[in-house]
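Keep in mind the model is a prediction, meaning the values are calculated, not measured.
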Amino acid sequence: NEKDIGKSYFKGSSQRAIDISITPNRADCLGIRGIARDLSSAGVGKLIESKSKKIKQDIKHQIKTSITKEKNQGCDTFGSCYIKNITNKESPEWLKNKLIALGLKPISAVVDITNYVMFDLNRPLHAYDADKINKEIIVRNAKEGEVFEALDNKKYKLKKNMCVISDNSGVLGLGGIIGGTTTSTELDTKNILLEAAYFSPSSIRKTARILNINTDAKYRFERGIDPNSIKEGLELATELILKICGGKASKFQITGKTNQKNKVINFQIEKFEKLIGIPISAKEIDKILSSLGFKCKKSQKFIKVEVPSWRPDVSLDEDLSLFEIGPTFFGKNPGE
């Protein structure tokens with residue numbers, strides 16, 4: 001019976017979680033929101049649209065940030081928020097329970113919030129103790145032989161062209177892979193710099209392979225996260241930090257590319273039938289793609305499809321055709 005699908009999956013009523021594997025091309029589903037969007041499109045529940053957060057941002061940003069213009073620069077955008085006078089503490093129960101359900105160990109409210117946002121939106125973040133930063137943040141290529149101690153308590157000897165986050169004293173972290181011990185947040189941290197950046201997948205992959213590091217952030221960046229999710233990630237994390245830890249926030253400072261333009265594909269309706277062997281109406285194409293976040297505009301023979309920034313796997317007509325196959329063959333609901 002269709003109504004009973006999933007009913008007996010969970011044996012007890014304690015923690016209900018499903019462990020799923022994601023194919024390498026579907027980076028967007030490394031966040032809960034991405035999975036929810038796909039389920040909603042398939043007729044399982046309704047995706048709740050996230051609303052922009054209203055945050056009081058009335059203090060001055062204290063830390064200048066820059067991205068050096070150099071060959072093989074692995075960082076396109078560096079967004080940040082300065083938050084002062086926080087009280088870092090143990091996370092509330094609801095947050096700890098969510099992280100434990102994901103297989104993570106709660107550490108402190110600030111770290112837990114960055115992890116929570118990463119798993120929610122597929123938007124990795126990093127928090128620095130702002131008082132431990134020497135004057136400014138410089139995103140640059142490492143120099144051959146530079147050494148830094150990472151949060152896994154290992155010392156790494158870097159090769160040139162690896163993307164690092166540094167200050168006037170030296171390397172603070174490997175961009176998009178792992179932070180360093182010199183600026184780590186502790187329970188007595190009072191002022192923080194919250195980072196949301198975009199790092200290129202090839203740069204991340206190369207650095208992580210050479211140094212043999214695997215982290216949740218690296219796993220996401222190397223597959224290609226949404227380059228336009230910086231503001232949303234900062235908003236959600238800042239709102240939660242202010243709510244749980246108190247403090248005052250600055251306006252967001254975004255260095256580098258502010259917004260990436262979405263790709264547009266002219267999708268030929270006839271081509272779909274030739275490719276798959278099944279006709280499908282323009283109305284149905286529009287319905288399926290719109291439910292997945294694509295924007296569609298119909299002309300006579302084409303549908304102009306704007307690809308959302310969180311789908312780096314889609315760039316051809318053929319990629320779009322795959323979305324139509326499932327619903328066409330199997331119907332929208334599992335019981336059909």
Side-chain angles (χ1 to χ4, degrees), residues 27 61-82 114 118 123-130 132-185 192-230 233-234 252-261 309 312:
H61 196 297
Q62 302 290 328
I63 293 163
K64 184 187 164 217
T65 59
S66 61
I67 300 171
T68 55
K69 285 189 167 71
E70 55 195 333
K71 208 181 163 193
N72 304 316
Q73 172 55 266
C75 178
D76 286 350
T77 317
F78 190 96
S80 64
C81 181
Y82 181 83
T114 60
M118 173 172 66
R123 164 28 78 192
L125 303 162
H126 186 66
Y128 303 83
D129 185 322
K132 296 175 187 171
I133 295 169
N134 186 353
K135 290 195 174 153
E136 61 177 324
I137 289 273
I138 305 140
V139 185
R140 60 171 172 85
N141 287 347
K143 296 175 184 76
E144 187 71 40
E146 265 188 302
V147 175
F148 102 108
E149 191 176 341
L151 288 168
D152 59 5
N153 296 317
K154 289 182 189 168
K155 280 190 176 162
Y156 291 98
K157 198 173 181 182
L158 309 179
K159 300 212 169 294
K160 66 176 185 187
N161 293 339
M162 288 180 172
C163 180
V164 296
I165 315 296
S166 72
D167 63 5
N168 290 340
S169 301
V171 177
L172 306 179
L174 277 170
I177 299 174
I178 197 165
T181 52
T182 55
T183 51
S184 64
T185 55
I192 63 168
L193 181 79
L194 186 64
E195 166 210 305
Y198 180 79
F199 300 96
S200 86
S202 56
S203 160
I204 295 278
R205 212 173 289 129
K206 194 176 169 189
T207 299
R209 191 177 64 242
I210 292 168
L211 298 175
N212 192 24
I213 307 178
N214 192 20
T215 62
D216 285 323
K218 167 258 176 189
Y219 191 80
R220 284 159 175 77
F221 277 120
E222 73 174 351
R223 282 159 175 74
I225 63 152
D226 180 357
N228 296 341
S229 66
I230 286 173
L234 286 174
F252 302 147
Q253 182 173 276
I254 297 182
T255 308
K257 282 184 195 168
T258 46
N259 232 344
Q260 189 170 296
K261 273 189 84 174
S309 53

Under the 3.5 angstrom rule, does the side chain of N228 hit a backbone N or O of Q260 as a donor-acceptor pair? yes

Could R223 and Y219 be counted as a cation-pi pair, given that NZ or CZ must be under 6.0 Å from the ring centre and within 45° of the axis? yes

Is I225 close to P124 at the side-chain level, that is, under 4.5 Å between some pair of heavy atoms? yes

Side chains of M118 and R123: closer than 4.5 Å at any heavy-atom pair? no

Please report the C-alpha distance between E144 and K160 in whole Å, then the side-chain angles of each, then the deciding distance to 0.1 Å, and finally whether the salt bridge (charged side-chain N to carboxylate O under 4.0 Å, His left out) criterion is met. CA-CA 4 Å; E144 187 71 40; K160 66 176 185 187; 5.8 Å; no

Test item: E195 and F78 side chains (from C-beta on) under 4.5 Å apart, heavy atoms: yes

First locate atom OG1 of T185, then atom CG of L194, and finally report the distance between them rounded to the nearest 0.5 Å. 10.5 Å

Hey, what's the ring geometry for Y198 with F221, parallel, tilted or perpendicular (30° and 60° as the breaks)? perpendicular

Between CZ on residue R209 and CG on residue N214, distance to nearest 0.5 Å: 13.0 Å

Counting distance only, does the side-chain N/O of T207 pair as donor-acceptor with the main-chain N or O of I204 below 3.5 Å? no

Does atom CG (N168) have a neighbourhood of more than 12 heavy atoms from anything else shown, all under 6.0 Å? yes

Smallest separation among heavy atoms of P227 and S309, with atom names: CD-O, 3.4 Å

Examine distances only and state if a side-chain atom of T114 and a backbone atom of L125 form a donor-acceptor pair shorter than 3.5 Å. no

Interatomic spacing from CD in Q62 to OH in Y82 - rounded to 0.5 Å: 4.5 Å

Please check if the side chain of T68 supplies one atom and the backbone of V139 the other of a donor-acceptor pair under 3.5 Å. yes

pair I210-M162: side-chain heavy atoms closer than 4.5 Å: yes

Going by distance alone, is a donor N or O of one side chain under 3.5 Å from an acceptor N or O of the other, for T65 and E136? no

Quick one: closest heavy-atom pair of G176 and F199, and the distance? N-CE1, 3.3 Å

Closest contact, heavy atoms only, G173 versus F148: CA-CE1, 3.6 Å

For the student: nearest non-hydrogen atoms of V164 and A142, plus distance: CG1-CB, 3.8 Å

Any donor and acceptor pair, going by atom type alone, linking the side chain of T77 with main-chain N or O of K257 inside 3.5 Å? yes

Would a 4.5 Å heavy-atom cut-off, applied to side chains only, mark C163 and L174 as touching? no

If you look at every heavy atom in N141 and N72, which pair is closest and at what distance? OD1-O, 3.6 Å

A side-chain contact here means heavy atoms from C-beta on lying under 4.5 Å apart; do V171 and K143 qualify? no

Trace of the salt bridge (charged side-chain N to carboxylate O under 4.0 Å, His left out) decision for E146 with R140: CA-CA 12 Å; E146 265 188 302; R140 60 171 172 85; 2.9 Å; yes

Keeping Q73 on the side-chain end and E70 on the backbone end, is there a donor-acceptor pair under 3.5 Å? no

Nearest-0.5 Å distance, CZ of residue R205 to OG of residue S200: 8.5 Å

Euclidean distance, D167 CG relative to K132 NZ, rounded to 0.5 Å: 12.5 Å

Straight-line distance of I67 CD1 to I137 CD1, nearest 0.5 Å: 11.5 Å

Any side-chain heavy atom of Q253 within less than 4.5 Å of one from C81? no

Side chains of I138 and I165, heavy atoms from C-beta outward: is any pair under 4.5 Å? no

Can you name the nearest heavy-atom pair linking A150 to T181, along with the distance? O-CG2, 3.4 Å

